[in-house]
Protein chains: 2
Amino acid sequence: MEGMTATERRSSWRDRAEERLTAAGYRRGGARTVLLDLLDAQRCARTVLEIEDELRASDRAVGRASIYRVLDELEQLHLVQRIEVGQGIARYERIAPDHHHHHLVCQNCGVMVPFTDDALEDAIHRLSTGAGFEVTSHDVVLYGRCADCRAAADAEAGST
Amino acid sequence: MEGMTATERRSSWRDRAEERLTAAGYRRGGARTVLLDLLDAQRCARTVLEIEDELRASDRAVGRASIYRVLDELEQLHLVQRIEVGQGIARYERIAPDHHHHHLVCQNCGVMVPFTDDALEDAIHRLSTGAGFEVTSHDVVLYGRCADCRAAADAEAGST
DNA sequence: TTTTCTGCAAACTGTTTGCAAAGGC
DNA sequence: GCCTTTGCAAACAGTTTGCAGAAAA
């Protein structure tokens with residue numbers, strides 16, 4: 001990261017977000033800035049409550065309502081994607097310009113693993129064009145057990 | 001329905017459900033029976049609140065808690081599928097034995113249209129087997145505009 | 001100085017839980 | 001009669017909203 005060129009830094013999610021927010025007429029409030037920092041650094045989709053805890057822990061606490069409000073704005077501007085992962089819990093993840101992906105959710109430990117698959121995208125794309133229905137976005141979530149939980153379960157089965 | 005043979009009736013969702021519930025050690029309570037009737041007759045996925053209203057309207061009211069409990073049991077037994085459709089609202093739909101499908105959700109009018117696609121299933125199946133992750137189920141939701149809303153929008157665009 | 005943004009607390013909504021009464025076996 | 005199922009009401013969790021003060025432009 002340290003070795004980034006100016007151009008690379010310019011094209012970061014963080015900067016694109018700031019640009020688009022300004023263009024949409026938003027001011028740069030404290031909560032918004034902190035949120036952008038966090039989202040830019042995040043590696044995987046988070047819930048609002050996780051975000052809240054994380055910010056409180058790093059003593060840059062932000063009111064819950066503000067988190068919801070900012071995430072909502074960011075979603076409208078297509079800077080953040082909201083992912084529903086069962087049990088009525090929503091997770092938020094920044095949208096990387098060229099990194100469309102879906103998620104595997106482990107029903108044992110809850111971990112989310114991103115994945116991409118061209119055949120899947122092709123199938124959806126073909127569907128989208130021939131459906132009468134006009135598809136603007138899609139969500140694919142696979143549920144099961146992650147490699148770790150599988151290994152753990154296997155080990156246990158083997159030892160009994 | 002009246003002209004059904006014994007075999008056809010035997011293979012109905014309703015009867016399979018009852019069988020499986022009994023096998024799992026459940027008794028036949030009033031709420032459960034009413035719920036089974038409703039689910040068996042339903043044409044599309046419903047929310048719990050919709051179910052509650054519907055039952056109250058048909059003067060066979062069932063407590064909300066019971067609806068949740070029964071749907072939960074039915075989901076465990078794979079007799080009912082829970083579908084998350086954004087905004088943290090869950091919909092429930094009975095599982096037809098040979099009719100696995102996904103949903104298109106119209107972001108304009110909210111209608112849900114079921115669809116099936118072999119290429120999509122193939123892609124997911126291939127993913128499932130080669131992932132390290134053990135996939136037990138999957139959810140695909142396509143968002144967009146249904147044919148009706150599209151037509152309406154086009155008509156409006158044409159007239160202006 | 002005007003308008004937006006923020007945090008707080010209260011309100012809401014969908015869901016879950018505890019408990020006493022009703023009902024199946 | 002024992003144990004499950006049910007309904008009610010209260011508890012909960014995530015989310016939204018109203019409002020007064022703080023902060024940006």
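So that the names make sense, note that chain A is the first sequence line, chain B the second, and so on, each numbered from 1. Note: hydrogens, waters and symmetry copies are ignored here, and every other heavy atom, side chains too, is used.
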task = Find the distance R82(B):CZ to dT16(C):P and express it as a whole number of Å.
result = 6 Å
ask   = So what does R28(A) touch, heavy atoms closer than 4.0 Å: a base, only the sugar-phosphate, or nothing?
value = sugar-phosphate
ask   = Quick one: does L77(A)'s side chain get under 4.5 Å of Y26(A)'s, heavy atoms only?
value = yes
remark   = When rounded to whole Å, the OH to P distance for the pair Y26(A) and dA25(D) reads 15 Å
ask   = Between E73(A) and R27(B), which is nearer to the 5' end of DNA chain C once each is assigned its nearest nucleotide?
value = E73(A)
query = Which is true for R32(B) with a 4.0 Å heavy-atom rule: it touches a base, it touches only sugar-phosphate, or it touches nothing?
reply = sugar-phosphate
query = Checking side-chain contact (heavy atoms from CB on, under 4.5 Å) against E54(A), which of V62(A), L49(A), L38(A) comes through?
reply = L38(A)
task = For D59(A) and dG7(C), give me the distance from atom CG to atom P, rounded to whole Å.
result = 13 Å
ask   = Which whole-number value in Å describes the distance from L21(A) CG to dA25(D) P?
value = 12 Å
request  = Write down the distance between CZ (R91(B)) and P (dT15(C)), rounded to a whole number of angstrom.
outcome  = 11 Å
query = Do E73(B) and R32(B) have side chains that get closer than 4.5 Å, going by heavy atoms?
reply = yes
query = Does some side-chain heavy atom of L142(A) sit less than 4.5 Å from a side-chain heavy atom of V140(A)?
reply = yes
request  = Please state whether the phosphate of dT15(C), meaning OP1 or OP2, lies under 4.0 angstrom from any side-chain nitrogen or oxygen of Y68(B).
outcome  = yes
task = Classify the nucleic acid contact of A65(A) as base, sugar-phosphate or nothing, counting any heavy atom under 4.0 Å across all strands shown.
result = base
query = From dG14(D), dG7(C), dT15(C), pick the nucleotide closest to the side chain of V62(A)?
reply = dG7(C)
query = Over how many whole Å does the gap from E52(B) atom CD to dC8(D) atom P extend?
reply = 10 Å
task = Ignoring backbone atoms, establish whether R64(B) has a side-chain N or O less than 4.0 Å from OP1 or OP2 of dG14(C).
result = no
Contact nearer the 5' end of DNA chain C, comparing D72(B) with G25(A) = G25(A)
